[in-house]
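One is the number of the first residue; the rest follow in order along the sequence.
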Amino acid sequence: MDFYTAIENRRTIRDFKDEPVDSEVIKRILSAGLKAPTNDHMRNWEFVVLTEKEAIANIIKQIPKKVTDARLEFILGAMHLHDTCQQKMYANAIPKQYEMLYHAGCLILPFFKQSSPLLIPESLSSLNAFASVWCCIENILLAVTAEGLASAIRIPTGKEPEQIAAVLNHPKEYMMPCYIAIGHAV
């Protein structure tokens, strides 16, 4: 698939077939991510790649499997969404968060090294690592599309970062900006 076709076709897909993703394809996707620009050329990124359902379930166990209508209404209200199209999109997406991650053929957890508190940056350059990892993630998403696969991301919320740190025991200076679900679209 050529570059502009990949950009045109890239979509967030939340419904995956319960099928594996070939390991060689995963390697190509990660390689594309690693070609993203960085502020310091160090590419202080690490990736955890999960393909086993038990490992995925262990990582995502903090995410609710179901969302009540009342909770969904509360979340949508808190987001102050006024556009009807956006409201419908989130009403469809929020209840699917656990299932989309669990049924993906591959779950990638990208990590970046952050030396200062992200939400209290010492300077504008303190945000460079965060910006760089999102360039990497965009390359990954475009590579997924070029491979004919589907993807979705989810930002960890609440106690999820602590749960992930407890399971993976990753160094404290590394942060995970999102989950990347990759798989075959339904």
Side-chain angles (χ1 to χ4, degrees), residues 1-51 53 56 59-60 63 67 72 75-76 79-112 118 124 127-157 160 175-186:
M1 184 179 296
D2 87 320
F3 178 73
Y4 292 103
T5 303
I7 288 176
E8 185 66 32
N9 289 330
R10 204 217 66 73
R11 302 281 184 275
T12 296
I13 304 296
R14 294 183 182 86
D15 297 305
F16 296 102
K17 295 177 185 173
D18 215 347
E19 293 179 13
V21 176
D22 183 83
S23 62
E24 290 303 313
V25 172
I26 294 169
K27 287 177 187 175
R28 284 195 302 270
I29 289 168
L30 289 174
S31 177
L34 290 169
K35 290 176 176 61
T38 65
N39 61 302
D40 60 4
H41 308 291
M42 297 301 293
R43 290 177 175 74
N44 286 318
W45 307 321
E46 301 290 336
F47 303 93
V48 174
V49 178
L50 303 171
T51 57
K53 292 300 175 199
I56 292 172
I59 284 292
I60 66 173
I63 300 170
V67 179
L72 182 58
I75 293 169
L76 292 175
M79 294 174 80
H80 304 291
L81 299 176
H82 303 292
D83 181 77
T84 307
C85 183
Q86 265 190 319
Q87 291 170 351
K88 286 180 182 177
M89 191 255 327
Y90 277 100
N92 179 338
I94 291 170
K96 293 182 176 182
Q97 299 297 296
Y98 181 91
E99 293 296 319
M100 78 178 187
L101 298 176
Y102 182 75
H103 289 293
C106 174
L107 185 61
I108 295 177
L109 310 177
F111 287 86
F112 68 100
L118 185 62
L124 189 56
L127 299 173
N128 285 343
F130 182 67
S132 294
V133 79
W134 280 102
C135 293
C136 171
I137 291 165
E138 182 62 21
N139 275 15
I140 288 170
L141 298 176
L142 289 170
V144 167
T145 303
E147 292 285 351
L149 295 168
S151 64
I153 62 170
R154 181 181 193 280
I155 309 294
T157 61
E160 291 172 50
M175 299 179 72
M176 188 187 92
C178 67
Y179 305 84
I180 306 172
I182 299 171
H184 303 273
V186 170

So do the side chains of [X] and [Y] get within less than 4.5 Å of each other, counting heavy atoms only?
X: Ile60; Y: Gln97; value: no
X: Thr51; Y: Ile26; value: yes
X: Gln86; Y: Met79; value: no
X: Val49; Y: Cys106; value: yes
X: Met175; Y: Val133; value: no

Which heavy-atom pair separates [X] from [Y] by the least distance, and what is that distance?
X: Arg14; Y: Ala152; value: CG-CB, 4.5 Å
X: Ala181; Y: Leu101; value: CB-CD2, 3.9 Å
X: Ile56; Y: Ala104; value: CD1-O, 4.2 Å
X: Leu34; Y: Arg43; value: O-NE, 2.6 Å
X: Val67; Y: Leu72; value: CG1-N, 3.8 Å
X: Ala150; Y: Val144; value: O-CG1, 3.5 Å

Give, for atom [atom1] of [X] and atom [atom2] of [Y], the distance between the pair rounded to the nearest 0.5 Å.
X: Ser151; Y: Met100; atom1: OG; atom2: CE; value: 9.5 Å
X: His103; Y: His184; atom1: NE2; atom2: NE2; value: 14.5 Å
X: Ile180; Y: Leu50; atom1: CD1; atom2: CG; value: 12.0 Å
X: Leu141; Y: Ile29; atom1: CG; atom2: CD1; value: 9.5 Å
X: Thr5; Y: Leu142; atom1: OG1; atom2: CG; value: 11.5 Å
X: Arg10; Y: Met1; atom1: CZ; atom2: CE; value: 12.5 Å

Applying side chain to side chain contact (heavy atoms under 4.5 Å, CB included) to Thr12 and Ile153, what does each step give before you reach the verdict?
CA-CA 8 Å; Thr12 296; Ile153 62 170; 5.9 Å; no

Name the residue from Ile59, Ile108, Leu109 that meets the side chain to side chain contact (heavy atoms under 4.5 Å, CB included) definition with Val48.
Leu109

Would you say the side-chain atoms of Arg11 pair up with the backbone N or O of Thr145, donor to acceptor, closer than 3.5 Å?
no

Is any NZ, NE, NH1 or NH2 atom of the basic residue among Glu24 and Lys27 found under 4.0 Å from an Asp or Glu carboxylate oxygen of the other?
yes

Of Phe47, Phe130, Trp45, which is the lone residue that meets ring pair (Phe, Tyr, Trp, His ring centres under 6.0 Å) with Phe112?
Phe130

Under 3.5 Å, is there a donor-acceptor pair between the Thr84 and Lys88 side chains?
no

Please check if atom CD in Gln87 has more than 12 non-hydrogen atoms from other residues, nucleotides or ligands closer than 6.0 Å.
yes

Just wondering, more than 12 heavy atoms not from Leu124 lying within 6.0 Å of its CG?
no

Checking Thr157 against Glu160 for the side-chain hydrogen bond (donor to acceptor under 3.5 Å, both in side chains) test, could you report, in this order, the C-alpha distance in whole Å, the side-chain angles of both residues, the deciding distance, and whether it holds?
CA-CA 6 Å; Thr157 61; Glu160 291 172 50; 3.1 Å; yes

